[in-house]
Amino acid sequence: MAKQFILDLIKAMTLEEKAAQLTQLSPNYFDEKTSVTLTGPYRNFDLTKEMIQNAGSVLGCVDAETYCKIQDAYLKKNRHHIPLLFMADIIHGMKTIFPIPLAIGGSFDLKLCEESAQIAAKEASVTGLHVTFSPMADLVRDPRWGRVMESPGEDPYLNSEMTRAMVRGYQGKDLKEPGRLAACVKHFAAYGAGDGGREYNTVDLSRGMLKEYYLPAYRAAVEENVALIMTSFNTIERVPSTGNPWLLREVLRKEWGFRGVTISDFNSLDEIINHSIATDSKEAAKKGIVSGLDIEMMSACYVTCLPELVRTGEIKEEWIDEAVLRILELKDQLGLFENPYKDADHSGAERIWLCEKHRKAARKLAGESAVLLKNNNVLPLSKANKKDLKIGIAGPFAESKQVLGGWAGQGENKDAISLADGIRTVLGNDNVVTAMTQELQERLTGFLDVKDETKEAVKALKDCDIILAAVGEHPGDSGEAASKTYLRLSKNQEKLIHELKELSKPVIVIVFAGRPMEIEPILDDCDALIYGWFLGTEMGNALTDLLFGKVNPSGRLSISIPHTVGQIPVYYNCFQTGRPYQGMSPQERFASRYIDCENSPLYPFGYGLSYSNFVYSNLSVWTDPEKRGARASVLVKNCSDRDGTVVVQLYIRDITASVVRPVKELKGFQRIWLTAGEQKEISFKITEEMLKYYNNKEEFIFEAGEFEIMIGDNSEQLLKEKIIIQ
Ligand code: GLC
């Protein structure tokens, strides 16, 4: 039930004031001296002074002083003293930067993921920020798309659980609580399914695929009481999400019961004109309000057209009132009517930004997010001979601090720990040799051939015991508007790794990237390989902890790594097809396969090595006598002399159903600590809910029948048992 003072406010507002309340502008509209980096195309709207001074919210992150200055000036002019709402992108940290979300997804550590969001909220709220445009919950299967880095990965269940954890971390139980932010889940919906992995491209999915794979994580955010949801640039069933009544009213409001605020993406309401479902701003405004879009971000259809649309009777004023009500209720939930500055604290930044506690959390999560993909017994580096262990480091990321990844909030590279600095803390300066100038290293990620420059540089490492190749993609090559068709390391880097191999010393490759890259070409040249993603501020320390065994790797892949870009999309939870390929002989041609590549990825979802050796045995599955469902248990033993964490994964297959079902689906996971030699029984409860799916009548149903229960270390290495569940 809305509060009376809010209803009274709406009654007192003019049509123009209400339309402005639905508009979001960047800070420079309120304070010309403020410089912000726009996250979309700049357009100059012919806004009047009144439109600006009645706008409801601000997009962009600035410091506490500027936010307070803008709020003060605004409240003096706003007739109803309705406070501004400040929103910005705090995606994986504010100042202390955590690994990119694609890496955090691979940690499978929900508790630490939630903690990282809470720390981000604490660090951001002292600036006076109220809302973060996070978590990004888009399911991703196509590494050509630059924004895979922002997602928890390719699995609906993992994405849902990581999304829930982040909403909890940002929002807590009460938005008024200090150090909390309202969360905005995005991009609703299925922005990650663009054709060809090309940015902003067409998405065309059946409702079944939408509901099976792409919608669950957004719904999970709604179930976790997320305060806002952002519409995506793309179409759903040939209608742009931002002007899509089925998506925003039928699914989001009616089916899911979402009562929060909907907000467009940057200029995405105006862009429905480019999509060609509106002829002008007026028609775009009408489509937006009819669809249930509340806030228009960085375009001016609402503020310039809604009042007239009401006066001509083309739209109902109550649709505007509904949107204004939800926005004012959000401001009230944040306590802004009592305290429009919320947690703004000029000295807060110095006190908590990058503090030891936050750095420690970032280091721990980074250590759990990096993935050990190959290890020919060269890792961990032995501490015994550490005093005379000389390490040579080559490649663009040897000394680089550009390791925060895209969407790094207010994070600064200068605060990051480079790989070389991390190792120096353990070996000292004299035992770390870097092979080349930073200038040459930076050219390695480019396509300009560095010719023999690396050959010379590599000679400097000939007396080292171990060689580290710190390679990857240029940090600017991932994130928004960064789709690529070429996913291999640059030729310079592939050549460098080959030259390093010729030193006849153990070569450890560490890949820094915001996406899965084609790493097969360098696999034979290395004795160990760690996928380091972009691990954030504490990257150098976290990787050093892993290299020297202070931390035993537990990270897994949240997205498949393909053999080649030609395989994309390749993902684990696929359908079997009518002619499944089961490794038949080449003569048996008629199977669903390629003639020049295998079907499975180079490394599958859920894969990651440890320094321990975890052995699974004794899978047993039985039906649950009380209610429809089952139970499963397995023994896991740490058959090594090193304590470690194992991510035990549960997959289920519905063998026969009314529509085709995936060959397996992740339905549970547990991070388990096992000391050297320890064995534990790990069990999972399988509920009826876990066995349901959407049929083609959009009913979420359970069908009795045979199921295959699988438990193991990744989506390919699994113990399996079939069971009938009635
Ligand atoms: C960008 C992004 C979105 C972000 C918004 C505001 O275009 O698509 O993820 O939250 O604009 O910066």
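Whatever order the structure lists them in is the order used to number ligands and atoms, beginning at 1.
Annotation for ligand 1: atoms under 4.0 Å from non-hydrogen atoms of Leu59 are 6 (C), 12 (O). Using a 4.0 Å cut-off to heavy atoms of His187, the atoms of ligand 1 that qualify are 3 (C), 8 (O), 9 (O). Residue Phe266 has at least one heavy-atom neighbour below 4.0 Å for each of these atoms of ligand 1: 7 (O), 11 (O). Counting the atoms of ligand 1 from 1 in the order shown, those under 4.0 Å from a heavy atom of Met230 are 10 (O). In the vicinity of Lys186, heavy-atom distances shorter than 4.0 Å reach the ligand 1 atoms 3 (C), 4 (C), 9 (O), 10 (O).
Among Tyr341, Phe133, Tyr67, the one residue that satisfies the ring pair (Phe, Tyr, Trp, His ring centres under 6.0 Å) test with Phe86 is Tyr67. Across Arg249, Arg326, Arg259, a single residue satisfies salt bridge (charged side-chain N to carboxylate O under 4.0 Å, His left out) together with Asp294, and that is Arg326.
Under a 4.0 Å heavy-atom criterion, Arg147 is in contact with ligand 1. Assignment of Met298 to the shell around ligand 1 is not supported, since no heavy atom sits closer than 4.0 Å. Not a single heavy atom of Glu150 lies less than 4.0 angstrom from ligand 1.
Annotation: cation-pi pair Lys211/Trp256 absent, no NZ/CZ under 6.0 Å from the ring centroid and within 45° of its normal. For the pair Arg141 and Tyr213, the cation-pi test (distance below 6.0 Å, angle within 45°) is passed. Cation-pi geometry between Arg207 and Trp246 is met: the NZ or CZ atom falls under 6.0 Å from the ring centre, inside 45° of the normal.
Electrostatic pairing of Asp321 and Lys18 counts as a salt bridge here, judged by a charged N lying under 4.0 Å from a carboxylate O. A salt bridge is absent between Arg180 and Asp174: the closest approach of a Lys/Arg side-chain nitrogen to an acidic carboxylate oxygen does not fall below 4.0 angstrom.
Residue Asp89 places at least one N or O, backbone or side chain, under 3.5 Å from an N or O of ligand 1.
The protein non-hydrogen atom at the shortest distance from atom 5 (C) of ligand 1 is Asp265 OD1, 3.3 Å. Protein heavy atom closest to atom 2 (C) of ligand 1, with residue, atom name and distance, is Glu480 OE1, 3.2 Å.
Side chain of Thr231 to main chain of Phe188: no donor-acceptor pair is present (N/O by atom type, distance under 3.5 Å, no hydrogens or angles).
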